[in-house]
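Structure record follows, encoded as structure tokens.
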Amino acid sequence: MIKVSLKDGSILEVEKRATIIDVAKKISEGLARVATCGEIDGEVKDLRYELQDDCSLVIHTFKPDDVEGKKAYWHTTSHIMAQAVQRLFPDVKFAIGPAIDEGFYYDFDVEKPFTDEDKANIEAEMKKIIKENIEIERFSLPKQEALKLMEGQPYKQELIEELPDGEEISFYKQGDFTDLCAGPHLASTGKVKSVKILSSSGAYWRGSEKNKMLQRIYAISFPKASELEEYLQLLEEAKQRDHRKIGKDLELFMTHKLVGSGLPMYLPNGATIRRLLERYIQDKELMLGYNHVYTPSLANVELYKTSGHWDHYKDDMFPAMKMDNEEMVLRPMNCPHHMLIYKNKMHSYRDLPIRIGELAHDFRYESSGSVCGLERVRQMCQNDAHLFVRPDQIKEEVGKVLKLIQEVYIKDFGFSPESFKYRLSLRDKNNKEKYIDNDEMWETAESQLRAILTELNIDFYEAEGEAAFYGPKIDIQIKTVLNHDVTIPTCQLDFALPERFELEYVGEDGAKHRPVVIHRAILGTSDRFISFLLEETKGLLPTWLSPIQVKILPISEKQHEYCEELKERLQREGIRVEFDDRNEKVGYKIREAQLQKIPYMLVIGDKEKEANAVTVRTRKEADLGQMSVEEFVAKIKEEIENKK
RNA sequence: GCUUCCAUAGCUCAGUUGGUAGAGUGCUACCUUGGUAAGGUAGAGGUCACGGGUUCAAUUCCCGUUGGAAGCCCCA
């Protein structure tokens with residue numbers, strides 16, 4: 001037994017188990033309020049330690065869905081993987097192996113990348129280690145001894161070097177394998193039950209492309225085999241929701257290598273969705289006092305030298321084309337064009353805010369490894385606008401933008417508020433190269449955006465190094481089915497471009513003043529928005545956006561004439577309708593319409609023809625029964641009207 | 001861009017010690033006129049991504065290019 005004094009003077013007596021000492025020590029120093037580990041009083045348990053306000057220590061078992069529980073579990077499995085790799089590849093150099101949101105990975109420096117066979121062997125070896133049920137022990141060493149222990153492990157030594165002098169450095173040992181680690185861990189390898197290697201790939205040491213590329217293996221583990229099955233099932237379902245698969249199945253877009261990577265072509269169905277979305281957002285903007293313009297996709301390179309984009313982004317732009325005396329580029333963004341439009345005439349303070357909007361095509365040379373369906377493309381259509389405002393109008397205008405975003409995403413599209421997060425994107429203060437060097441400007445802009453978010457009671461997180469070069473942003477971040485974290489709407493505050501372009505307005509005092517620019521995009525880009533929409537809806541688009549809203553399915557040829565009339569009748573109402581006049585049975589036609597995710601199927605036989613009626617079936621498999629044509633038209637029009 | 005893997009019919013995929021190809025589905029024609037998720041028969045359809053190399057012989061082995069996938073880097 002070992003005694004540990006807690007803050008309140010009480011004594012905690014525990015078995016001499018490394019994990020509990022570690023926890024008790026941290027808690028007694030007030031360094032941690034909560035920790036997890038695996039063993040107490042010699043009995044193996046999944047435990048959670050929590051320091052209460054009255055300084056008492058609560059110990060209880062954690063639940064399988066407990067975040068900390070999972071992390072300890074996965075982290076232990078990552079050590080098991082490292083041990084397996086050490087057994088199979090004795091020359092391996094270890095980097096890091098943390099738990100992540102779903103599972104864990106470990107980075108290894110090995111001679112050759114792992115093959116599928118290697119991975120199968122590693123997984124088999126891991127299962128062996130689990131079966132051996134090796135006890136996991138913790139110990140700690142002073143820095144010099146720690147360095148000595150990790151001789152021949154340069155990555156571990158590099159990590160130890162960075163730890164403060166004088167601090168004891170903790171290690172976890174399981175049989176013949178010892179790893180530098182802060183813990184916590186399960187008490188023994190046998191606690192892990194089912195394990196599965198998911199994938200492997202290259203990853204740069206410390207995430208920098210300047211460093212060596214290591215081999216990373218992703219894996220996951222669960223206390224029960226059935227949970228692993230469920231997880232793999234979920235992965236399979238996510239695959240079905242991938243917008244690239246839906247886009248192919250529903251004939252929304254295609255790519256062709258003769259056109260090029262990252263350059264999707266919209267097929268008629270996809271073009272319909274896009275046209276409706278673009279009309280929708282422009283109509284919305286018109287009602288809010290935006291003025292839309294058209295500007296060219298090409299510009300003289302001098303435009304971007306003036307704006308500052310050239311210095312910051314020329315590597316991500318398509319290369320300049322030399323024509324006679326001019327050098328032209330495909331534009332990567334629209335701000336400079338809109339700045340010039342503002343500057344086209346003198347403005348009074350009474351005219352502000354001026355809101356210039358455009359559905360504009362932009363071109364960015366995204367790296368070949370990052371292009372992805374409609375999510376990341378090399379030509380995109382931005383739902384862009386620039387708001388030219390007086391400094392006293394910033395708060396109100398940013399607030400209006402945030403309100404518009406909520407109206408579009410929550411009210412009109414019905415996305416769950418949990419499907420996206422607000423991110424306040426700040427500059428990295430230490431990176432003077434990437435961001436305009438003007439501390440005062442940054443302080444003002446960042447604190448203004450923060451204040452607006454706080455005042456509107458919006459939950460947000462802050463991210464350093466995510467700002468635009470000219471100013472901070474409020475980005476709305478979503479997670480795709482592939483677990484990519486991408487921005488869709490954005491609202492950015494910019495004091496820099498007005499300066500660069502010497503924008504002005506005449507104030508009440510008759511003197512010239514500098515406006516502030518708010519850059520904003522609501523749908524983000526049409527392309528990325530559609531990818532998000534498809535994944536959120538699983539391809540079951542609301543009726544108003546469905547490329548085909550109604551499919552007419554006759555029982556036999558006898559009703560074809562009636563079906564033609566019906567089709568024309570619906571078309572006159574602006575409903576997108578198709579008539580399936582093929583020589584097939586109705587069951588077959590229903591199956592096909594169902595797979596095309598068409599909202600309404602109208603089954604037409606002699607009964608319907610006689611009664612001048614339709615029998616309605618929805619894709620959600622509800623048979624709505626027979627109704628008159630007028631009734632159906634009223635119903636679907638009401639639905640379309642209300643963006644259902 | 002980097003690491004690894006992949007590319008066979010419109011689509012989804014088979015095709016092992018190297019001997020120039022197959023299924024399902026879709027498409028076309030005919031039969032069938034059928035009441036709520038796949039009726040039957042027949043036919044057409046492939047320079048096995050592209051370019052080189054090794055070999056008597058390459059869809060298969062090697063190199064390169066293009067395109068795709070996972071991850072890393074990047075993301076105005």
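All figures in this text were calculated on a predicted structure; none of them were measured in a lab. Naming convention: chains lettered A, B, ... in sequence-line order (proteins, then strands); numbering from 1 in each chain.
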(request) Would you confirm whether the ring centroid of A/Y313 sits within less than 6.0 angstrom of the ring centroid of A/F469? (result)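 When the ring centroids of A/F469 and A/Y313 are compared, they turn out to be within the sub-6.0 Å range.
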(message) I want to know whether A/Y106 and A/F108 have ring centres closer than 6.0 Å.
(response)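 Yes, ring centres under 6.0 Å apart.
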(request) Find out whether A/K93 and A/L214 are in side-chain contact, i.e. whether some heavy atom of one side chain is under 4.5 Å from a heavy atom of the other. (result) no
(request) With the side chain counted from C-beta on, respond yes when A/F579 and A/K551 share a heavy-atom pair under 4.5 Å apart, and no when they do not. (result) no
(request) Starting at the 5' end of RNA chain B, write a dot or bracket for each base, bracketing those in Watson-Crick or G-U wobble pairs whose two distances are under 3.5 Å and using | for partners on another strand. (result) (((((((..((((.....[..)))).(((((.......))))).....(((((..]....))))))))))))....
(message) On RNA chain B, compare the nucleotides closest to A/G605 and A/G369; which residue's is nearer the 5' end?
(response)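 The residue closer to the strand's 5' end, by nearest nucleotide, is A/G369.
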(message) Here's a test of your reading of the structure: between A/I604 and A/P113, which maps to the more 5' nucleotide of RNA chain B?
(response)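 Checking each residue's closest nucleotide, the 5'-ward one belongs to A/P113.
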Would you tabulate the nitrogen or oxygen pairs shorter than 3.5 Å linking the protein to nucleotides 8-13 of chain B?
residue, atom, partner, partner atom, Å
B/U12, OP1, A/K248, NZ, 3.1

Side chain of [X] (C-beta onward), nearest among [options]:
| X | options | result |
| --- | --- | --- |
| A/R244 | B/U3, B/U36, B/A70 | B/A70 |
| A/T615 | B/C72, B/G35, B/U33 | B/G35 |
| A/K257 | B/C72, B/G35, B/U66 | B/U66 |
| A/L482 | B/A70, B/A49, B/A37 | B/A70 |
| A/K585 | B/U36, B/G39, B/C2 | B/G39 |

Shorter than 3.5 Å, N or O on both sides, protein versus nucleotides 74-76 of chain B: list them out with atom names.
residue, atom, partner, partner atom, Å
B/C74, O2, A/R376, NH2, 2.6
B/C74, N3, A/R376, NH1, 3.4
B/C74, N3, A/R376, NH2, 3.3
B/C75, OP1, A/K434, NZ, 3.1
B/C75, O2, A/R376, NE, 3.3
B/C75, O2, A/R376, NH1, 3.1
B/C75, O2, A/R376, NH2, 3.2

If I take atom [atom1] in residue [X] and atom [atom2] in nucleotide [N], what distance separates them, rounded to the nearest angstrom?
| X | N | atom1 | atom2 | result |
| --- | --- | --- | --- | --- |
| A/D109 | B/C72 | CG | C1' | 15 Å |
| A/D580 | B/G34 | CG | C1' | 14 Å |
| A/K589 | B/G39 | NZ | C1' | 13 Å |
| A/M601 | B/U36 | CE | C1' | 9 Å |
| A/K609 | B/G34 | NZ | P | 13 Å |
| A/M254 | B/G68 | CE | P | 12 Å |
| A/R591 | B/A38 | CZ | P | 7 Å |
| A/W205 | B/C2 | CH2 | C1' | 18 Å |

Is any NZ, NE, NH1 or NH2 atom of the basic residue among [X] and [Y] found under 4.0 Å from an Asp or Glu carboxylate oxygen of the other?
| X | Y | answer |
| --- | --- | --- |
| A/E375 | A/R244 | no |
| A/R423 | A/E466 | yes |
| A/E285 | A/R520 | yes |
| A/E366 | A/R376 | yes |
| A/D623 | A/R617 | no |

Across the strands shown, which category fits [X] at heavy-atom distances under 4.0 angstrom: base, sugar-phosphate, nothing?
| X | answer |
| --- | --- |
| A/Q596 | nothing |
| A/G587 | sugar-phosphate |
| A/H560 | nothing |
| A/R331 | nothing |
| A/L553 | nothing |
| A/R216 | sugar-phosphate |
| A/D362 | nothing |
| A/Y218 | sugar-phosphate |

(request) Could you verify whether a donor N or O on one side chain and an acceptor N or O on the other, from A/E446 and A/T444, lie under 3.5 Å apart? (result) no
(request) Indicate whether the side chain of A/K119 and that of A/S200 have a donor and an acceptor atom separated by less than 3.5 Å. (result)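 The criterion, which ignores hydrogens and geometry beyond distance, is satisfied for A/S200 and A/K119.
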Could you go over nucleotides 26-28 of chain B and give all protein N or O partners under 3.5 Å, atom names and distances?
residue, atom, partner, partner atom, Å
B/G26, OP1, A/Y588, OH, 2.7

Sticking with atom [atom1], work out how far [N] lies from [M], rounded to a whole angstrom.
| N | M | atom1 | value |
| --- | --- | --- | --- |
| B/G46 | B/G34 | P | 38 Å |
| B/C27 | B/G10 | P | 14 Å |
| B/C6 | B/G19 | C1' | 26 Å |
| B/U65 | B/C73 | C1' | 24 Å |
| B/G45 | B/G24 | C1' | 15 Å |
| B/A70 | B/G51 | P | 28 Å |
| B/U54 | B/A38 | C1' | 49 Å |
| B/G39 | B/C48 | C1' | 34 Å |

(request) Answer yes or no: does a side-chain N or O of A/S201 lie under 4.0 Å from OP1 or OP2 of B/C72? (result)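 No.
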(message) My understanding is that only residues two or more places apart in sequence, or in another chain, count here; which of them pass side-chain contact (heavy atoms from CB on, under 4.5 Å) with A/Q382?
(response)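 Expected list: A/N334, A/D362, A/R364, A/M380, A/D384, A/A521, A/T525.
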(message) Can you confirm whether more than 12 heavy atoms, excluding those of A/E561, are under 6.0 Å from its CD atom?
(response)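 No, because the 6.0 Å sphere around CD of A/E561 holds 12 heavy atoms or fewer from other groups.
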(request) Kindly give the heavy-atom pair with the smallest separation between A/Y409 and A/I522, and that separation in Å. (result) OH-O, 2.8 Å
(message) Tell me whether the NZ or CZ atom of A/R378 lies within the 45° cone about the ring axis of A/Y365 and under 6.0 Å from its centre.
(response)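 Yes, cation above the ring, under 6.0 Å and within 45°.
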(message) Is there, by distance only and without an angle test, a donor paired with an acceptor across the side chain of A/Y204 and the base of B/G1 below 3.5 Å?
(response)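 Flag set: donor-acceptor pair detected.
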(message) Does A/Q215 contact B/G71 through a side-chain donor or acceptor facing the base, at a distance under 3.5 Å?
(response)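 No.
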(message) Testing A/K585, A/R582, A/K597 one by one against A/E592 for a salt bridge (Lys or Arg N to Asp or Glu O under 4.0 Å), which residue passes?
(response)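 Single salt bridge (Lys or Arg N to Asp or Glu O under 4.0 Å) partner of A/E592 among A/K585, A/R582, A/K597: A/R582.
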(message) Suppose we screen for salt bridge (charged side-chain N to carboxylate O under 4.0 Å, His left out). Which residues come up paired with A/R216, at least two apart in sequence or across chains?
(response)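 A/R216 satisfies salt bridge (charged side-chain N to carboxylate O under 4.0 Å, His left out) with A/D107 once adjacent residues are dropped.
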